[in-house]
Amino acid sequence: MKKIITIQHTQSVHHTNGMIGSWTDWELSDLGKEHAENIGRKLSAELKGQTYKIYSSDLLRAKQTAEPLARYMGADINYLEKLREHNIGEAVGKSKQWGTENALPVNSFDDRLFPSAESWREFWERILDLHQDIIADEADNIILVAHGGTLAVWHQIWLGSDIQDCKFGSAGSVSFMELSDNSERTITRLNDISYTESKSRRRFHM
């Protein structure tokens with residue numbers, strides 16, 4: 001049985017200032033740092049006695065989300081560029097308004113929002129490659145800390161979906177999935193944001 005936990009990074013500065021995330025190296029906001037600390041404290045307590053291998057996007061906002069959890073668990077963090085958000089090229093470092101005003105028309109999964117951006121197909125295939133790497137990883141228990149777009153694609157691939165435009169999840173949400181010994185895949189909890197709160201509250205179960 002392989003267990004995989006995904007964590008979407010908590011609130012970043014770009015969530016509040018009208019700027020684009022993508023590959024810009026934004027840090028967490030003060031609220032995001034508080035939520036990351038809460039996730040680390042609560043999730044580590046829930047996983048006490050279990051050993052997990054932690055992978056994180058190498059962008060700052062994901063690193064800062066992973067660090068409290070790694071500290072509480074006494075684990076190292078393995079940084080992966082494959083876990084980065086969708087690269088939208090020339091819009092990196094620009095405002096959302098600039099992005100809206102300068103985006104190219106996109107009519108297929110192979111079109112690019114900007115000349116040097118990843119197409120949606122390239123992004124999907126990057127996460128598909130990552131998915132195959134994680135399945136083949138010798139570790140039985142794995143935590144992935146990444147971005148909303150990255151994890152939306154990850155969850156669709158986990159469920160066996162073909163390429164599609166997909167957006168869901170919230171900052172700081174935690175999801176749990178299992179791969180049985182006979183290769184049956186399940187998501188046991190999806191986008192649970194209760195870990196960000198200082199006090200416990202009822203969780204959403206799928």
Side-chain angles (χ1 to χ4, degrees), residues 1-10 36 39-59 62-63 65-86 109 118 120-196 202-206:
M1 171 81 73
K2 183 184 286 287
K3 296 181 180 180
I4 298 173
I5 299 172
T6 64
I7 303 173
Q8 184 172 329
H9 72 75
T10 54
I39 291 171
R41 175 175 48 80
K42 295 172 73 174
L43 185 57
S44 64
E46 186 174 312
L47 301 178
K48 188 175 181 179
Q50 303 177 51
T51 300
Y52 272 80
K53 189 173 186 178
I54 301 175
Y55 287 105
S56 171
S57 160
D58 61 350
L59 294 175
K63 287 182 179 181
T65 301
E67 285 166 355
L69 177 63
R71 184 179 73 248
Y72 278 108
M73 296 185 73
D76 294 326
I77 304 172
N78 304 277
Y79 296 107
L80 294 178
E81 187 173 309
K82 278 186 179 180
L83 275 168
R84 287 187 179 191
E85 182 61 278
H86 185 200
F109 294 129
E118 284 181 303
W120 190 257
R121 188 180 304 279
E122 289 169 334
F123 179 43
W124 186 280
E125 290 178 351
R126 168 159 61 90
I127 306 308
L128 178 60
D129 287 343
L130 169 70
H131 180 273
Q132 293 168 343
D133 291 344
I134 295 300
I135 295 301
D137 195 294
E138 62 183 11
D140 289 331
N141 300 323
I142 294 174
I143 294 172
L144 304 177
V145 184
H147 310 265
T150 305
L151 294 179
V153 172
W154 168 274
H155 293 146
Q156 291 300 315
I157 291 172
W158 179 264
L159 293 173
S161 299
D162 291 330
I163 185 171
Q164 59 181 286
D165 187 10
C166 50
K167 295 178 182 179
F168 59 88
S170 302
S173 59
V174 183
S175 299
F176 296 75
M177 51 211 71
E178 296 178 352
L179 177 66
S180 70
D181 294 337
N182 62 359
S183 299
E184 182 179 89
R185 301 181 186 190
T186 57
I187 296 179
T188 57
R189 203 184 309 164
L190 181 65
N191 295 329
D192 184 346
I193 62 169
S194 67
Y195 291 93
T196 65
R202 182 173 295 179
R203 299 175 186 149
F204 171 74
H205 291 266
M206 185 175 178

Hey, is the main chain of [Y] close enough, under 3.5 Å, to the side chain of [X] for a donor-acceptor pair?
{"X": "His131", "Y": "Ile127", "value": "no"}
{"X": "Lys53", "Y": "Glu138", "value": "no"}
{"X": "Thr150", "Y": "Arg84", "value": "yes"}

Practice item. Name all residues meeting the side chain to side chain contact (heavy atoms under 4.5 Å, CB included) criterion together with Phe176; count only those two or more places apart in sequence or in a different chain, and write none if there are none. Key: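 With sequence neighbours excluded, Phe176 shows a side chain to side chain contact (heavy atoms under 4.5 Å, CB included) to Ile5, Leu43, Glu46, Val174, Thr188, Arg189, Tyr195, given in chain and number order.
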Practice item. Taking side chain to side chain contact (heavy atoms under 4.5 Å, CB included) as the test, write out the residues that go with Leu128, two or more places apart. Key: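 Testing Leu128 for side chain to side chain contact (heavy atoms under 4.5 Å, CB included), a comparison that skips the adjacent residues, returns Gln132, Ile157.
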Is there a side-chain contact between [X] and [Y] in this structure, where contact means two heavy atoms from C-beta onward sitting under 4.5 Å apart?
{"X": "Lys63", "Y": "Glu67", "answer": "yes"}
{"X": "Arg126", "Y": "Val153", "answer": "no"}
{"X": "Leu130", "Y": "Tyr55", "answer": "no"}
{"X": "Leu144", "Y": "Ile4", "answer": "yes"}
{"X": "Val145", "Y": "Ser57", "answer": "no"}

Any idea which heavy atoms bring [X] and [Y] closest together, and the distance?
{"X": "Thr10", "Y": "Ala171", "value": "C-CB, 3.9 Å"}
{"X": "Ala139", "Y": "Asp137", "value": "N-OD1, 2.8 Å"}
{"X": "Ala36", "Y": "Pro68", "value": "O-CB, 3.7 Å"}
{"X": "Glu118", "Y": "Glu85", "value": "OE1-O, 4.3 Å"}
{"X": "Gln156", "Y": "Cys166", "value": "CG-SG, 3.6 Å"}
{"X": "Ser175", "Y": "Asn191", "value": "OG-N, 2.8 Å"}

Spacing of [X] atom [atom1] and [Y] atom [atom2] [to the nearest 0.5 Å]:
{"X": "Leu151", "Y": "Leu190", "atom1": "CG", "atom2": "CG", "answer": "10.5 Å"}
{"X": "Met1", "Y": "Asn141", "atom1": "CE", "atom2": "CG", "answer": "10.5 Å"}
{"X": "Lys2", "Y": "Asp181", "atom1": "NZ", "atom2": "CG", "answer": "11.0 Å"}
{"X": "Trp124", "Y": "Asp162", "atom1": "CH2", "atom2": "CG", "answer": "7.5 Å"}
{"X": "Leu159", "Y": "Thr186", "atom1": "CG", "atom2": "OG1", "answer": "9.5 Å"}
{"X": "Ile142", "Y": "Ile134", "atom1": "CD1", "atom2": "CD1", "answer": "4.5 Å"}

Check your understanding: Can you say whether the rings of Trp158 and Trp154 are parallel (under 30°), tilted (30 to 60°) or perpendicular (over 60°)?
Key ->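 Trp158 and Trp154: parallel rings.
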Under 3.5 Å, sequence neighbours excluded: what are the donor-acceptor pairs made by side chains of residues 73-82?
unit_1	atom_1	unit_2	atom_2	d
Asn78	ND2	Ile54	O	3.0
Lys82	NZ	Asp133	OD2	2.8

**Study point:** Contacts of type ring pair (Phe, Tyr, Trp, His ring centres under 6.0 Å), residue Tyr52, not counting sequence neighbours
**Key:**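 Tyr52: no ring pair (Phe, Tyr, Trp, His ring centres under 6.0 Å) contacts found.
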**Study point:** ring pair (Phe, Tyr, Trp, His ring centres under 6.0 Å) partners for His147, two or more places apart
**Key:**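 With sequence neighbours excluded, His147 shows a ring pair (Phe, Tyr, Trp, His ring centres under 6.0 Å) to His9, given in chain and number order.
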Review point. What residues form a salt bridge (charged side-chain N to carboxylate O under 4.0 Å, His left out) with Asp165, not counting sequence neighbours?
Key: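 Asp165 satisfies salt bridge (charged side-chain N to carboxylate O under 4.0 Å, His left out) with no other residue.
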